[in-house]
There are 2 protein chains.
Amino acid sequence: MNAPATIGTTEKVADAIRSGIRTGQFVPGQHLVEAELTLRLGISRSSLREALRHLSGDGIVAIHRYRGAHINRLTRREVRDLLEVLEQLVRLAARLGAASGHANRSLMDAALDAARRHDEDGDHRSYIAVRQAFYDCLFEVAGNRELPRVTPLRRADLFRAQIRPYQTRAQQDSHTEGYRAIAQTVNDGDVEAAEAAVAALFAQTNAMVDELPDVAFDVE
Amino acid sequence: MNAPATIGTTEKVADAIRSGIRTGQFVPGQHLVEAELTLRLGISRSSLREALRHLSGDGIVAIHRYRGAHINRLTRREVRDLLEVLEQLVRLAARLGAASGHANRSLMDAALDAARRHDEDGDHRSYIAVRQAFYDCLFEVAGNRELPRVTPLRRADLFRAQIRPYQTRAQQDSHTEGYRAIAQTVNDGDVEAAEAAVAALFAQTNAMVDELPDVAFDVE
DNA sequence: GCCGTCAATATCGTCCTACGATTTCATCTG
DNA sequence: CAGATGAAATCGTAGGACGATATTGACGGC
């Protein structure tokens, strides 16, 4: 009864754009012309505009009156602010997950498996899958249903898309390893270690942001 | 250049509904019939639907396919989850605000003034104004622009609306005093005291939630 | 050659109508 | 009274229309 009986056009379109950002089909800063998108996606303008309005609420697209919608492109400062908030929420999730002893071991195991698989093939697509699976599991284990709603993961996808050209394979692996460390400590039920693992991951990410060139970000 | 040149219909409608929730014009659980709202607000169905889609992103209204939109009504558990997340974000804001020594004293002073004014007249409308002003100031002082975006304050408004009939004047005053304490500690630049003040406020709110009757919440 | 003005064009914002899809609800039947 | 049934209400999506505004490129003055 809680399952969405059928999926609506608006959601499909929003998902298409969101996943398009992750796959590189849409690039941050890109202008989204309504007429073109309605043709490409085979939908009406009404549905498209509803979807864009939905995405603008998540901070994924920005809508300027009479200038239309474009995929957001974050400034360095926006990224820093985003990471600062994200860290708190992920830390809370890790804390809750570690504290709930009866946690779904199997879920985190799945994330660990995904991480291992990533180590093997090392594709960018699999990196995305690992990230997605990791956070899904973490929120599931945390058991707080508000958390996935407010956590700006989709907005963080923008950041991921922006830095992709400048991210080395080593950095990616290191990041995945960070996920693994968090999953491990959460699984062990070690609250303090879990929080420390989250802090370490974000410290690393923040350091990377500091080293990235200006061109990776939008101008102030 | 960063100012929204003109305000669009969609935003106006969304604001109307949001403020309608705060003023009691719309009540949690209420079914929103498109035809009626378009008449009441004097807008087209397209604009209304865009606004509703926007609000659904904030978790203020829920949209079920072919059954329309209704103002969300939170369960006790949803409120607990919401408060848990909210506390972390407000704590971050307080920490940042207290740490940034050069903070806008005048802003927090305004919040304090509002709180004092509330103590005098004690109207519910002024309570809302205090709350709004307090959080606006806090986020301003914190200086993190992602914070106001993710903080589920609008969703907390739903909670406020639900518990209004069960909240005593003393509880309201106590809550306002909590705002005052946070503002004070942030103004003083005392990071630890600020975090403690936030924790105290939420401990109090959580205790209140535990004591509220079941009828104040939506059924599981 | 550079800069401001101005018209043409592209695009958006809003309103409107239409119609199939689905739920809701009163009614009928056994 | 339970379940079937059909009408009404409501929603979801499509598509067209038109004014409003931003963008672009041409034009002329300096």
Side-chain angles (χ1 to χ4, degrees), chain A residues 1-18 20 25-73 218-219, chain B residues 1-18 20 25-73 218-219:
Chain A
M1 98 196 216
N2 220 346
T6 60
I7 194 73
T9 302
T10 298
E11 309 304 326
K12 272 189 295 193
V13 173
D15 280 345
I17 294 179
R18 271 191 287 250
Q25 233 180 323
F26 294 106
V27 76
Q30 176 176 346
H31 182 48
L32 299 176
V33 180
E34 295 182 355
E36 185 211 321
L37 275 186
T38 55
L39 283 179
R40 167 128 66 117
L41 301 173
I43 56 168
S44 71
R45 207 150 81 96
S46 323
S47 301
L48 175 67
R49 284 181 60 84
E50 281 186 32
L52 290 178
R53 192 63 69 175
H54 184 77
L55 292 172
S56 90
D58 289 345
I60 292 179
V61 310
I63 299 179
H64 287 95
R65 202 174 159 79
Y66 296 117
R67 280 192 290 165
H70 61 91
I71 310 282
N72 252 335
R73 190 157 190 271
D218 197 36
V219 292
Chain B
M1 98 197 217
N2 219 347
T6 61
I7 195 71
T9 303
T10 298
E11 309 303 328
K12 270 189 296 194
V13 173
D15 279 346
I17 294 179
R18 271 190 287 250
Q25 242 180 315
F26 294 107
V27 77
Q30 176 176 346
H31 182 50
L32 299 176
V33 181
E34 295 182 355
E36 184 210 321
L37 274 186
T38 55
L39 283 178
R40 167 127 66 117
L41 301 173
I43 56 166
S44 71
R45 207 150 79 97
S46 321
S47 301
L48 175 66
R49 285 181 58 85
E50 281 187 33
L52 290 178
R53 192 64 69 176
H54 185 77
L55 291 172
S56 90
D58 289 345
I60 293 180
V61 310
I63 300 179
H64 287 95
R65 202 174 160 80
Y66 294 117
R67 280 193 288 166
H70 60 90
I71 311 282
N72 252 334
R73 190 156 190 270
D218 198 34
V219 292

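Remember, it's a predicted structure, so these values are computed and weren't measured experimentally.
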Checklist outcome for this item: salt bridge (charged side-chain N to carboxylate O under 4.0 Å, His left out) filter on R18(A), not counting sequence neighbours, yields D15(A), D58(A)

Item to check | Any R49(B) side-chain nitrogen or oxygen under 4.0 Å from OP1 or OP2 of dG12(D) | outcome: yes

Item to check | Between dA22(D) (P) and Y66(A) (OH): distance, integer Å | outcome: 8 Å

Checklist outcome for this item: With sequence neighbours left out, the residues meeting salt bridge (charged side-chain N to carboxylate O under 4.0 Å, His left out) with E11(B) are R53(A)

Next on the checklist: Please enumerate all residues that pass side chain to side chain contact (heavy atoms under 4.5 Å, CB included) together with D218(B), with sequence neighbours excluded.
Outcome noted: R73(B), T75(B)

Checklist entry - Separation of H64(A) atom NE2 from dT23(D) atom P, in whole Å? => result 10 Å

Checklist entry - Looking at CD1 of I17(A) and CG of L37(A), how far apart are the two atoms once the value is rounded to the nearest 0.5 Å? => result 5.5 Å

Checklist entry - Tell me: CG of L32(A) to P of dG13(C), nearest whole Å? => result 12 Å

Next on the checklist: Going by the rule side chain to side chain contact (heavy atoms under 4.5 Å, CB included), which residues pair with R65(A) if we only count those two or more places apart in sequence or in a different chain?
Outcome noted: T6(B)

Checklist outcome for this item: Tightest non-hydrogen contact, residues G59(A) and N72(A), listed as O-ND2, 2.9 Å

Checklist entry - Roughly how many Å is it from CG in L52(B) to P in dT13(D), rounded to a whole number? => result 14 Å

Checklist entry - Taking OP1 and OP2 of dG13(C), is either one under 4.0 Å from a side-chain nitrogen or oxygen of T9(B)? => result no

Checklist outcome for this item: Contacts of E34(B) meeting side-chain hydrogen bond (donor to acceptor under 3.5 Å, both in side chains) (sequence neighbours excluded), chain-then-number -> R45(B), R49(B)

Next on the checklist: What is the separation between atom NE2 on H70(A) and atom P on dT23(D), rounded to the nearest whole Å?
Outcome noted: 11 Å

Checklist entry - Which residues within residues 33-47 of chain A lie with some heavy atom under 4.0 Å of an atom in DNA chain C? => result V33(A), E34(A), R45(A)

Item to check | Rounded interatomic separation in angstrom, taking NZ from K12(B) and C1' from dG13(C) | outcome: 11 Å

Checklist entry - How do G8(A) and R65(A) order along DNA chain D: which one's closest nucleotide is nearer the 5' end? => result G8(A)

Item to check | For atom CG of L48(A) and atom C1' of dG12(D), their distance in whole Å | outcome: 15 Å

Next on the checklist: Between R67(A) and dT21(D), is there a contact of a side-chain N or O with OP1 or OP2 at under 4.0 Å?
Outcome noted: no

Checklist entry - When the distance from CD1 of I63(B) to C1' of dT22(C) is rounded to whole Å, what number comes out? => result 16 Å

